[in-house]
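Take a look at the structure below.
Lettering of chains follows the sequences in order, A, B, ..., and the numbering in each one begins at 1.
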Amino acid sequence: MPIQFHNTLTKSKQPLETLEKGVVRMYNCGPTVYSYPHIGNFRSFTFADLLRRYLEYRGYEVRQVMNVTDVGHLVHDADEGEDKLEAQARREKKDPWQIARHYEEIFLGIREKLGFAKALAHPRATDHIGEMIAIIETLLAKGNAYVVGSNVYFSVASFPAYGRLSGNVGDGLEAGARIEPHPDKKDPRDFALWKHDPQHIMQWDSPWGRGFPGWHIECSAMSQKYLGETLDIHTGGEDNIFPHHECEIAQSECANGKPFCRLWMHARFLLVDGQKMSKSTGNFLTVEDVFRKGVTPQALRYALSSTHYRQQQNFTWEACSAAQQAVDRLAEYRRGLADPAGTAPLSAVKSALDAAQKAFESAMDDDLNVSEALGAVFTMIRDVNKAGPGPAAAAAALELFDRFDSVFNVGAAPPDVFTAEEQALLDARVAARAAKNWAESDRLRGVLEAGGVLVEDRARGQRARRRR
RNA sequence: GCGCGUGUGCCGGAGAGGUCAAACGGUCCGGCCUGCAAAGCCGGAAUUCGGUGGUUCGAAUCCACCCGCGCGCUCCA
């Protein structure tokens, strides 16, 4: 069974076919850098990283690009209102460029903290104004766009396939009755490629006068520059399907006369406590908020990965601590394998390992069924623990575990380092135990535990680890 | 309002016609192990899959309607 993914374009699963054998060109819709990213943003980004890592597990070379949107979109309507970046800039009393660089840095820092694989590029929209203008000129030359004053609009009527991705076709859009008739637009569905607004702070020169690019054009320009005119995979949150991705398809295909992207994958939204996350209901959580509660990056990563990406996920603190426990269990297992205490030969675990690998891969091949894949991992852990692996068995189990973890990237535990005082307490406890002074050893264990150091007595002696 | 999706135990969450008295993780209870713990292992905790009808020899899985929630039609991952 080949790898298959659900394609938003066809609403069905289909085998992965890449333009170039063994290479996947993947573009992920990234953040607009105007504030602290919330956990919903990172659900989508974690999904992209998981996808990339599994493709690499399967031997593909993945050329991954995730944009950074640093030109604000408008707060209200597509054609009026305030730019989000500029609004934030005003709140923070900075200029929009400072805002963009600041939050970009935070975004990249979180990626690193969560153990994301490095993308080929994180291009900024503002660094690609020239490329955007070039595409707009092509669209004008081909008759897919028109100029009204200092604005340029894309003519949706010139692209009959418009609406194929989202199912929002023609009349359906107007039936929404939320599209205000726009004096400049020939068709209410038309969208801006270049806008003129003297109030806007971020502006560039263009053949149509000073202005700034429309929302959708940056992704068409940057994906093409870094990955070529046709992409293998394009991802984003479900809210990107319309209008953003629909418009990207229209622009790119009209400009290049080639299919834009073969496979569209969209992550569903994440709810918090069963409700849509929003500032007004008070359940809005940034990634920093979660870390501040003591959740480790691995646990957050696990929590955000462990629900299938096309399944709406409900984030709760209880689920978060379950994720923390799960991740600790993985780390403990790994630690045990690195220093095996058992005697079982390789043959005793071989069939469990083979079964786990088979189950893991067939689950992940099927549109990244992470729940089932993790089920296979935990089943393997139980089987191996039960066997009590000796050195050879443990080495094989460790190798497979690390291979699985190259996808999830949550199994590594930082080495446990202790302060001099902690070490003294640990040494004292060893001595107390040797003297069978149980009262004293239990007391010391209590003291250490209160300080976050967990102590356990194993057959080969005392072992300490730091609570995470 | 229109379109799309979704609803499984105490919690998270797989399963998408029989092999399901429902994987896996968490939690709780009991046991083994341990000086006691911890870790690990074993066993128990849904007679049932939002509700009501229907299709079928057979439904958590298919269909209809209803209810809840989410997404799109408007900035949002």
Classify [X] by what it touches in the nucleic acid, base, sugar-phosphate, or nothing, heavy-atom distance under 4.0 Å.
X	answer
A:R429	base
A:Q313	sugar-phosphate
A:D457	base
A:R465	sugar-phosphate
A:Q275	nothing
A:V370	nothing
A:A326	sugar-phosphate
A:P31	nothing

| request: Taking the side chain as every heavy atom from C-beta outward, state whether A:R111 and A:F107 have any atom pair closer than 4.5 Å. | output: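 They are in contact (side-chain heavy atoms under 4.5 Å apart), so the answer is yes.
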| query | Is the ring centre of A:F269 under 5.5 Å from the base ring centre of B:G70, and are the two planes under 30° apart, so that they stack? | reply |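 One would not call A:F269 stacked on the B:G70 base.
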| field | pi-stack flag for A:W438 and B:G35, centroid dist under 5.5 Å, interplanar under 30° | value |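 So yes, this residue stacks on that base, both cut-offs being met.
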Taking OP1 and OP2 of [N], is either one under 4.0 Å from a side-chain nitrogen or oxygen of [X]?
X	N	answer
A:N41	B:A77	yes
A:R268	B:G70	no
A:R382	B:C24	yes
A:W215	B:C76	yes
A:K276	B:C71	yes
A:Q325	B:U27	yes
A:K386	B:G40	no
A:R329	B:C41	yes

| said: Name the residue from A:R335, A:R466, A:R465, A:R467 that meets the salt bridge (Lys or Arg N to Asp or Glu O under 4.0 Å) definition with A:D416. | reply: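 The option that passes is A:R335.
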Are [X] and [Y] linked by a side-chain donor-acceptor pair shorter than 3.5 Å?
X	Y	answer
A:T286	A:D289	yes
A:Q88	A:R91	yes
A:D367	A:Y309	yes

Quick check: any donor-acceptor pair below 3.5 Å linking the side-chain of [X] to the base of [N]?
X	N	answer
A:N240	B:C76	no
A:R43	B:A77	no
A:D442	B:G35	yes

| message | Give me the distance, rounded to whole Å, that separates B:C28 from B:C69 when you measure between the P atoms they each carry. | response |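 About 32 Å, rounded to a whole number of Å.
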| query | Which residue, A:G40 or A:L271, contacts RNA chain B at a nucleotide closer to its 5' end, judged by nearest heavy atom? | reply |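 Counting from the 5' end, the first nearest nucleotide belongs to A:L271.
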